[in-house]
Amino acid sequence: CFVTSPQSIEAESRLERMAAELGHAIDDATKHYPKAVKGEIEVYQESGLAPEDGYLARIIGERSAGKTVFLRRFYGHHLSRSMQERLTLVWIDCEEFEVFEASKASAHALDQIKTALFGEDSFGWNHLAQVHAKQVAEFKRITGLKGAALRAELAPQLLAQERTDPFKAFSAYAAFATSNRRRLPCVVVDNIDHLARPADAVAWAVACHAAIFGLTTITIEDTSLWRLRAERDQMDAHGVQQFWLR
């Protein structure tokens with residue numbers, strides 16, 4: 001089971017510094033938006049926050065070293081309340097997947113980020129329209145529809161698009177969290193070691209890192225890491241930050 005150690009204390013400190021650094025970048029970009037676009041949905045390039053400018057991290061340890069408990073404690077108790085309120089946590093537990101499928105992981109991530117941003121019962125057309133603001137504006141321009149007629153026509157289309165491509169939708173909500181809500185997306189991909197193909201989960205995590213401005217963390221056993229490196233370690237090509245728990 002997890003116990004506090006010099007390695008875990010050092011890992012907590014480094015992760016907190018990384019999250020704080022990304023949070024400051026969000027603040028800085030938001031403060032420098034022109035007044036005319038305050039409150040609007042901005043693409044990363046316009047806000048100065050580019051995908052892959054975030055962090056990709058991996059927590060390495062032996063089986064039962066306490067990697068999951070460490071991260072649960074870090075996000076649930078170690079961080080200050082003010083910091084917790086500025087994060088949007090998405091947790092993918094690969095033990096819930098008999099076979100890891102990227103589309104299912106994306107759909108699960110999408111459900112979590114929607115709930116984190118809008119609550120379980122409050123999500124509706126206004127939120128959908130905010131996240132997909134550019135598409136809504138273009139649809140209004142083409143059709144001339146407004147109000148209830150616009151909602152009735154476009155809402156089913158947007159929801160169908162989200163179901164068809166949940167990863168693209170998740171990326172849009174992550175962008176909304178960053179540029180509109182000033183909240184840092186933090187994605188945890190946990191328990192990949194029991195999968196027949198851990199590389200599939202790693203590939204999904206790396207894709208998240210490449211698509212969103214955030215902190216993406218993977219937990220992995222040292223034996224699984226050696227297996228990945230025997231094939232091709234996708235994480236190494238992205239400047240992964242590494243933490244050992246002993």
Side-chain angles (χ1 to χ4, degrees), residues 19 22-23 25-27 29-51 54 75 81-92 102-188 204 207-209 211-216:
L22 297 178
I26 291 172
D27 276 344
T30 304
K31 289 173 183 175
H32 288 87
Y33 285 161
K35 289 184 178 180
V37 299
K38 287 251 183 216
E40 298 292 330
I41 311 303
E42 295 299 305
V43 299
Y44 290 118
Q45 287 74 12
E46 292 170 337
S47 67
L49 304 175
Y75 282 112
R81 179 167 294 277
S82 61
M83 177 68 82
Q84 290 180 32
E85 290 173 350
R86 305 209 35 230
L87 303 179
T88 301
L89 182 61
V90 172
W91 199 290
I92 302 299
S103 60
K104 290 182 178 179
S106 299
H108 190 35
L110 177 59
D111 287 343
Q112 289 184 64
I113 200 168
K114 279 186 173 183
T115 300
L117 289 172
F118 305 118
E120 292 186 5
D121 302 318
S122 63
F123 185 77
W125 163 249
N126 288 338
H127 296 140
L128 193 67
Q130 288 179 58
V131 174
H132 301 287
K134 290 186 176 180
Q135 190 171 345
V136 171
E138 181 65 10
F139 192 83
K140 287 171 66 175
R141 185 186 67 80
I142 294 172
T143 64
L145 294 174
K146 297 180 181 179
L150 175 69
R151 179 174 66 249
E153 183 72 23
L154 188 54
Q157 293 184 35
L158 293 175
L159 291 172
Q161 288 175 16
E162 292 185 359
R163 288 190 297 270
T164 301
D165 193 344
F167 185 80
K168 182 178 180 180
F170 169 68
S171 300
Y173 281 84
F176 177 83
T178 301
S179 60
N180 190 278
R181 296 295 180 87
R182 294 169 65 181
R183 290 174 62 175
L184 176 69
C186 295
V187 180
V188 174
W204 185 86
C208 281
H209 170 64
I212 71 172
F213 179 85
L215 173 58
T216 303

Does R81 have any salt bridge (charged side-chain N to carboxylate O under 4.0 Å, His left out) partners at least two apart in sequence or in another chain, and if so, which?
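Testing R81 for salt bridge (charged side-chain N to carboxylate O under 4.0 Å, His left out), a comparison that skips the adjacent residues, returns none.
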Would a 4.5 Å heavy-atom cut-off, applied to side chains only, mark [X] and [Y] as touching?
{"X": "Q161", "Y": "H132", "result": "no"}
{"X": "V90", "Y": "Y173", "result": "no"}
{"X": "C186", "Y": "W91", "result": "no"}
{"X": "Y75", "Y": "Q84", "result": "no"}
{"X": "L110", "Y": "K114", "result": "yes"}
{"X": "V136", "Y": "L150", "result": "yes"}
{"X": "S179", "Y": "F213", "result": "no"}

Spatial distance of atom [atom1] ([X]) from atom [atom2] ([Y]) [nearest 0.5 Å]:
{"X": "N180", "Y": "Q130", "atom1": "CG", "atom2": "CD", "answer": "6.0 Å"}
{"X": "Q135", "Y": "L154", "atom1": "CD", "atom2": "CG", "answer": "6.0 Å"}
{"X": "I212", "Y": "F167", "atom1": "CD1", "atom2": "CZ", "answer": "7.5 Å"}
{"X": "L22", "Y": "L184", "atom1": "CG", "atom2": "CG", "answer": "5.0 Å"}
{"X": "H209", "Y": "W204", "atom1": "NE2", "atom2": "CH2", "answer": "13.5 Å"}

Provide the closest heavy-atom pair for [X] versus [Y] in the form atom of the first, atom of the second, distance.
{"X": "S103", "Y": "P166", "result": "O-CG, 3.6 Å"}
{"X": "P185", "Y": "A174", "result": "CG-O, 3.8 Å"}
{"X": "E162", "Y": "L128", "result": "OE2-CD1, 3.4 Å"}
{"X": "I92", "Y": "A109", "result": "CD1-N, 4.0 Å"}

Which is it for V187 and F170 under the side chain to side chain contact (heavy atoms under 4.5 Å, CB included) test, yes or no, and what are the steps along the way?
CA-CA 11 Å; V187 180; F170 169 68; 3.9 Å; yes
Taking only residues two or more places apart in sequence or in another chain, which ones pass side-chain contact (heavy atoms from CB on, under 4.5 Å) with T88?
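For T88 the side-chain contact (heavy atoms from CB on, under 4.5 Å) partners, ignoring immediate neighbours, are I113, A116, L117, A177, R183.
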Can you pull out every side-chain hydrogen bond (donor to acceptor under 3.5 Å, both in side chains) where at least one residue sits in residues 141-160? Sequence neighbours excluded, please.
E138-R141
